[in-house]
Amino acid sequence: MRFGGDKTPAHAYYSTVRPAHLYVHVPFCSRRCIYCDFSIAVRPVVPVAEYLDGIERELSLRFSLEKEVWPLTTLYLGGGTPSKLGAEGVADLLAIVARHATFDSDTEITIEANPEDATPDTLNAWAGVGVNRISLGSQSFDNNVLEWMHRSHDADSIRRAVHSARSAGIKNISLDLIFALPDQINRSWSDDLDEALSLEPSHVSLYGLTIEPATPLSRWTESNRVSPTPDDRYADEFLLAHDRLTSVGFEHYEVSNFALPGHASKHNSAYWTGAAYAGIGPAAHSFDGMKRSWNIKAYTRWLDALRGGRSPIEGDEQLATENAFTEKVYLGLRTQYGYSVGAHDRATAEQWARAGWAVIDGDLVRLNPEGWLRLDSLAAGLTGS
């Protein structure tokens, strides 16, 4: 079903579900990284007031049909680059959310930030309005690699951001790193892991480089400027990261995520357990437990719909029984919590265990790192998809 941008009144799409988890998409970036195919809006100057007006309108249109308490367990500002809103912009954004929902010191409030935006004054301001978790888009500590990626920071700015966050009282710090870069880049993955661990983060997220269509990286690959990373090196770097991080106390709690005990992302964990969540902002997705919906992608179209009093939701889909099963299998297998197999799947799971890809504990099958390297094909083996 599609309805974004039509003349359907917004009140037809009020949500009767008030999930405990809210995601706010902030689409703005100063430039597009070579691998990025996300829904972003490249702006040299971020239209903060205009964007916040859109967020206020969306919350009022979608969630204010009935006056009721809306307590949040997690609030996640993602992007794009939410840190581009600056100190005052983030404070104003949280104030807008607070007019519609409630959160307190127990609410996990995360902001994704570029290191160069995370200055001492800005971090102090964010901490002052309740931000208690920061996810830094580090990607690498090699300045040549960062320049190749078209990142707008250098390695020293990562270190400064981490120290400034701690000084501001934000102790829950996550670092993003990208592995499996092309051979031509001559990046030392081991050195990057050492650098990350030296900063003593509480959480690390790892992403294998993928070549998405219509990105600069895709065009460079097609013109043979760079070569795709061989599968064996992708696996070697993934396994090296697992060994290095778990040896110093990190739990590999999801295929791409590591956390010190007690520091797993509550927000992202909600996604992986199938919990309901709300998403606002351009391209944001929501899930009420039965139906998934998504917003208009383009920032200007999203804003125009809201200014016209129309729903920003572009489409939705009911999760059919077979799709719900497929999703449950995939989400279970991608986490350390595993998936509970029935008698008809037991033989398949036992084959995985014999191959060294999984462990079985009663009815639960949990993939290990070797299994996670085969996640898609193993999940398909249970779902027949």
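Not measured: the values here are computed from a predicted model.
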Donor-acceptor pairs are to be reported for all side-chain atoms of residues 363-382 against protein atoms at under 3.5 Å, with residues two or more places apart or in another chain.
unit_1 : atom_1 : unit_2 : atom_2 : d
Arg366 : NE     : Gln336 : O      : 3.0
Asn368 : OD1    : Glu370 : N      : 3.1
Asn368 : OD1    : Gly371 : N      : 2.8
Asn368 : ND2    : Gly356 : O      : 2.7
Glu370 : OE1    : Arg374 : NH1    : 3.3
Trp372 : NE1    : Leu333 : O      : 2.8
Arg374 : NH1    : Glu370 : O      : 2.6
Ser377 : OG     : Arg374 : O      : 3.0

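Rounded to the nearest 0.5 Å, atoms CD1 (Ile55) and CG (Asp92) are 12.5 Å apart. With values rounded to the nearest 0.5 angstrom, Arg310 atom CZ is found 9.0 Å from Leu306 atom CG. With values rounded to the nearest 0.5 angstrom, Asn295 atom CG is found 7.0 Å from Ser311 atom OG. Atom OH of Tyr51 is separated from atom CD of Glu56 by 12.0 Å, given to the nearest 0.5 angstrom.
Side-chain N or O atoms of Asp104 include one that pairs as donor or acceptor with a backbone N or O of Asp106 at under 3.5 Å. No donor-acceptor distance shorter than 3.5 angstrom exists from the side chain of Thr81 to the backbone of Lys84, with no hydrogens or angles considered. Of the possible polar contacts, one joining the Ser202 side chain to the Ile173 backbone as a donor-acceptor pair under 3.5 Å is found. Although no hydrogens or angles enter the test, the distance criterion places no donor-acceptor pair under 3.5 Å between the side chain of Ser164 and the main chain of Ala161. Without hydrogens or angle criteria, Thr122 side chain to Ala118 main chain gives no donor-acceptor distance under 3.5 Å. Side chain of Trp126 to main chain of Ser83: no donor-acceptor pair is present (N/O by atom type, distance under 3.5 Å, no hydrogens or angles). Using a distance-only test at 3.5 Å, with no hydrogens or angles considered, a donor-acceptor pair links the side chain of Trp189 to the main chain of Glu237. The backbone N or O of Ser140 sits nowhere less than 3.5 Å from a side-chain atom of Asp192 that would complete a donor-acceptor pair. Between the side chain of Glu58 and the backbone N or O of Gly281 there is at least one donor-acceptor pair closer than 3.5 Å. In this structure a side-chain-to-backbone donor-acceptor pair under 3.5 Å is missing from Asp142 to Arg187.
Partners of His263 under the ring pair (Phe, Tyr, Trp, His ring centres under 6.0 Å) rule, at least two apart in sequence or in another chain, do not exist in this structure. Judged as a ring pair (Phe, Tyr, Trp, His ring centres under 6.0 Å), and not counting sequence neighbours, His153 has no contacts.
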Check: For Val145 and Leu181, what are the C-alpha separation, side-chain angles and deciding distance, and is it a side chain to side chain contact (heavy atoms under 4.5 Å, CB included)?
Finding: CA-CA 9 Å; Val145 170; Leu181 300 185; 3.5 Å; yes

Margin query: Is there a side chain to side chain donor-acceptor pair (under 3.5 Å) between Arg99 and Ser60? Walk through the geometry before answering.
Written below: CA-CA 10 Å; Arg99 291 199 282 272; Ser60 298; over 6 Å; no

Margin query: With ring pair (Phe, Tyr, Trp, His ring centres under 6.0 Å) as the criterion, how do Tyr271 and His285 come out once you've worked through the C-alpha distance, each side chain's angles and the decisive distance to 0.1 Å?
Written below: CA-CA 11 Å; Tyr271 294 155; His285 283 59; over 10 Å; no

Notebook entry, point to check: Does the side chain to side chain contact (heavy atoms under 4.5 Å, CB included) test come out yes or no for Phe63 and His100, once each step is laid out?
Noted result: CA-CA 8 Å; Phe63 296 102; His100 299 268; 5.6 Å; no

Next item on the list: Could you walk me through whether Tyr299 and Glu50 pass side chain to side chain donor-acceptor pair (under 3.5 Å), step by step?
Entry: CA-CA 11 Å; Tyr299 168 69; Glu50 176 186 84; 2.7 Å; yes

Checklist line | Worked verdict on Trp70 versus Phe103 for side chain to side chain contact (heavy atoms under 4.5 Å, CB included) | finding: CA-CA 9 Å; Trp70 183 7; Phe103 48 87; over 6 Å; no

Next item on the list: Take Glu116 and Arg151 through the side chain to side chain contact (heavy atoms under 4.5 Å, CB included) test and state the conclusion after the steps.
Entry: CA-CA 10 Å; Glu116 72 272 18; Arg151 299 294 296 178; over 6 Å; no

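Side-chain atoms of His25 and Tyr23 form a donor-acceptor pair, as typed in the model, at a separation below 3.5 Å. There is no side-chain donor-acceptor pair under 3.5 Å between Ser138 and Asp176. At a cut-off of 3.5 Å, with distance as the only test, no side-chain donor of Thr119 or Arg160 sits close to an acceptor on the other residue. A donor atom on one side chain and an acceptor atom on the other are found under 3.5 Å apart for Ser227 and Gln184. Side-chain atoms of His21 and Thr74 include a donor-acceptor pair closer than 3.5 Å.
Note on Phe179: it clusters hydrophobically with Val255, by side-chain heavy-atom contacts below 4.5 Å among ILVMFWY residues. Val204 and Tyr253 end up in different hydrophobic clusters when Ile, Leu, Val, Met, Phe, Trp and Tyr side chains are linked at under 4.5 Å. Connection of Val248 to Leu177 is established within a shared hydrophobic cluster, with ILVMFWY side chains joined at heavy-atom distances below 4.5 Å, either directly or through further cluster members. Both Ile109 and Ile280 are assigned to one and the same hydrophobic cluster, defined by single-linkage of ILVMFWY side chains at heavy-atom distances under 4.5 Å. Under a hydrophobic clustering in which Ile, Leu, Val, Met, Phe, Trp and Tyr are joined whenever their side-chain heavy atoms come within less than 4.5 Å, directly or via other members, Leu146 and Val226 fall into different clusters.
No option in Arg292, Arg62, Lys291 other than Arg62 meets the side chain to side chain donor-acceptor pair (under 3.5 Å) test with Ser286.
A salt bridge does not link Lys266 to Glu108: none of the charged nitrogens lies less than 4.0 Å from a carboxylate oxygen. A salt bridge between Arg301 and Asp304 is absent, with no side-chain N of the basic residue lying under 4.0 Å from a carboxylate O of the acidic one.
Between Phe325 and Tyr339, the ring planes are perpendicular. Angles over 60° get that label, and only those under 30° would be called parallel.
At least one side-chain heavy atom of Ser174 sits less than 4.5 Å from a side-chain heavy atom of Ser205. Taking the side chain as every heavy atom from C-beta outward, Thr273 and Leu331 never approach each other to under 4.5 Å. Within the 4.5 Å cutoff, side-chain heavy atoms of Leu77 are placed close to those of Val90. Side-chain contact between Leu85 and Val26: present, with at least one pair of heavy atoms (C-beta onward) separated by less than 4.5 Å.
Taking the six-membered ring for Trp and the full ring otherwise, His267 and Tyr76 have centroids separated by under 6.0 Å. A distance of 6.0 Å or more separates the ring centres of His242 and Phe250.
A cation-pi arrangement is absent between Arg43 and Phe28, since the terminal nitrogen or guanidinium carbon is not both under 6.0 Å from the aromatic centre and inside a 45° cone about the axis.
Other residues, nucleotides and ligands contribute more than 12 heavy atoms inside 6.0 Å of the NZ atom of Lys171.
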